[in-house]
There are 2 protein chains.
Amino acid sequence: MRYHKIPDETIQRLPLYWRALRLLSENRSHVNSKVLAEIVQVNPWQIRKDLSYFGGFGTPGVGYDIKKLSCQLRDILNLKNTHKTALVGVGDLGSALLGYSGFSQLGFEIVSAFDVSTKKVGKIKNNVNVEDISKLKTLKRKGIRLAIIAVPVKAAQETADKLVRAGVVGILNFTPSYLVVPKTVKVISIDIAMDIARLPYYLPTNRAGKT
Amino acid sequence: MRYHKIPDETIQRLPLYWRALRLLSENRSHVNSKVLAEIVQVNPWQIRKDLSYFGGFGTPGVGYDIKKLSCQLRDILNLKNTHKTALVGVGDLGSALLGYSGFSQLGFEIVSAFDVSTKKVGKIKNNVNVEDISKLKTLKRKGIRLAIIAVPVKAAQETADKLVRAGVVGILNFTPSYLVVPKTVKVISIDIAMDIARLPYYLPTNRAGKT
DNA sequence: GGTTGTGAACCACTTCACAGCC
DNA sequence: GGCTGTGAAGTGGTTCACAACC
């Protein structure tokens, strides 16, 4: 019954559990679903169900061994070894991402950066040398299989195509466009503008609009 | 039947429709659900259902008037007038957000920025004066009701509390923490790290793990 | 003929409830 | 007694199919 028809929603919650466990591990050795549930703001049975998709990690009457569960989640999420990552587009957003500690904490290491601007190529940012976009082909040789796209919208698909040709199998897309890629390549899109755009909907106004 | 029990998922899709319509409006005056569906990568009947929650905007046999629908979506999403917004935390991320054109395109205007660091206070970034965090109280007087939190995790809840006290009713939270706020305040959290963390799960490996 | 709008059917995730285990 | 793991029930968003309309 393992690894079979697991809801995407479950996969989305696993990192939350994992992060909570990391914090908990500083103070205690065990946790039950009720306590964990409160931290990540979901129901206890949701957590138990999620974890049960991958097998029983807990002990009835006791709860979950934090160290052990943490390790197993890390394994499931495939975060055990560090992932060398390339960044394409070193503009405002790209630069911010280069300095973003969240990546390294999760085991991502931006080892390569690319841009089209001759102004940026050759510069060194956060210990990473910015290369010309034409050097993308070298990714395969370097064993880099993950990439972050932080280029202007119009260049997004083209960049994705190049990355796929360079052997990239996972893409973090920060542009607001749907990328067409082979089924073997996984794209996760982060579209900040679209998240932001729905905030005003929920604000108190003269309208009746509410959930 | 208007404004009653509308799925959150629908609200999340409306901005996508809106953006697609903006692009389409440059070339044509009408669009049907099939074409729009292809652009935003959802099913035609999903679009029709979503729109039907708010009333009939289309014409059978013809489709949707792009200008009209666009305008109506903007109205539903409450994006008609610009929203003055405050930014708290002018670090890497905060700075990137200050230069982010996505905000202004949606009608958000960052008119005020705050930080605790004496190094940053007093500086001017992207035409915005960085003030000391203690000046947050002035938001109410200035009529600013939206805020972006881009501070370190530990300061997140404290910042949220201050913002609520200063009359803020909508918060964009870029920190990885659950914010406790009154029910009248809407928080939208953007947790980049958690989106990123699930990418490796989908990568082809020795494991059997797949959806 | 083409397309919308929508009640009904469907399906997938969530929630429940309890057997099983410590 | 306390807590997990899970089949079964419930719920709500998605998909369908077709009547209504241009």
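The CD1 atom of Ile47(B) sits 18 Å away from the P atom of dG13(D) (whole-angstrom rounding). Rounded to an integer number of Å, the gap from CH2 of Trp45(A) to C1' of dC18(C) is 14 Å. Distance CG (Asp65(B)) to P (dC22(D)): 16 Å, rounded to an integer number of Å. Atom pair Arg48(A):CZ and dT6(D):P shows a separation of 11 Å (rounding to whole Å applied). The separation between Asn43(B) atom CG and dC11(C) atom C1' is 14 Å, rounded to whole Å. Taking atom CD1 on Ile11(A) and atom P on dA12(C), their separation rounds to 16 Å, with Å as the unit. Regarding Tyr53(B), its OH atom lies at a distance of 7 Å from the P atom of dT14(D), rounded to whole Å. What separates CD of Gln46(B) from C1' of dG12(D) is a distance of 12 Å, to the nearest Å.
Judged by closest nucleotide on DNA chain C, Lys49(A) is the one of Lys49(A) and Gly61(A) placed further toward the 5' end. Along DNA chain C, the nucleotide closest to Pro60(B) and the one closest to Glu9(A) are compared, and the more 5′ of them pairs with Pro60(B).
Applying side-chain hydrogen bond (donor to acceptor under 3.5 Å, both in side chains) to Ser33(B) and the options Glu38(B), Arg48(B), Gln46(B) leaves one that passes, Arg48(B).
Side-chain atoms of Ser95(B) and Lys125(B) form a donor-acceptor pair, as typed in the model, at a separation below 3.5 Å. Asp8(A) and Gln12(A) share no side-chain donor-acceptor pair at under 3.5 Å.
Residue contacts shown for Thr10(B) are absent, as no nucleic acid heavy atom lies under 4.0 Å away.
In terms of phosphate contacts, Tyr64(A) brings no side-chain nitrogen or oxygen within less than 4.0 Å of OP1 or OP2 of dG2(D). Contact between the side-chain N/O atoms of Ser33(A) and the OP1/OP2 oxygens of dT4(D) is found at a separation under 4.0 Å.
In summary, Glu158(A) and Lys162(A) engage in a salt bridge, as defined by a charged side-chain N under 4.0 Å from a carboxylate O.
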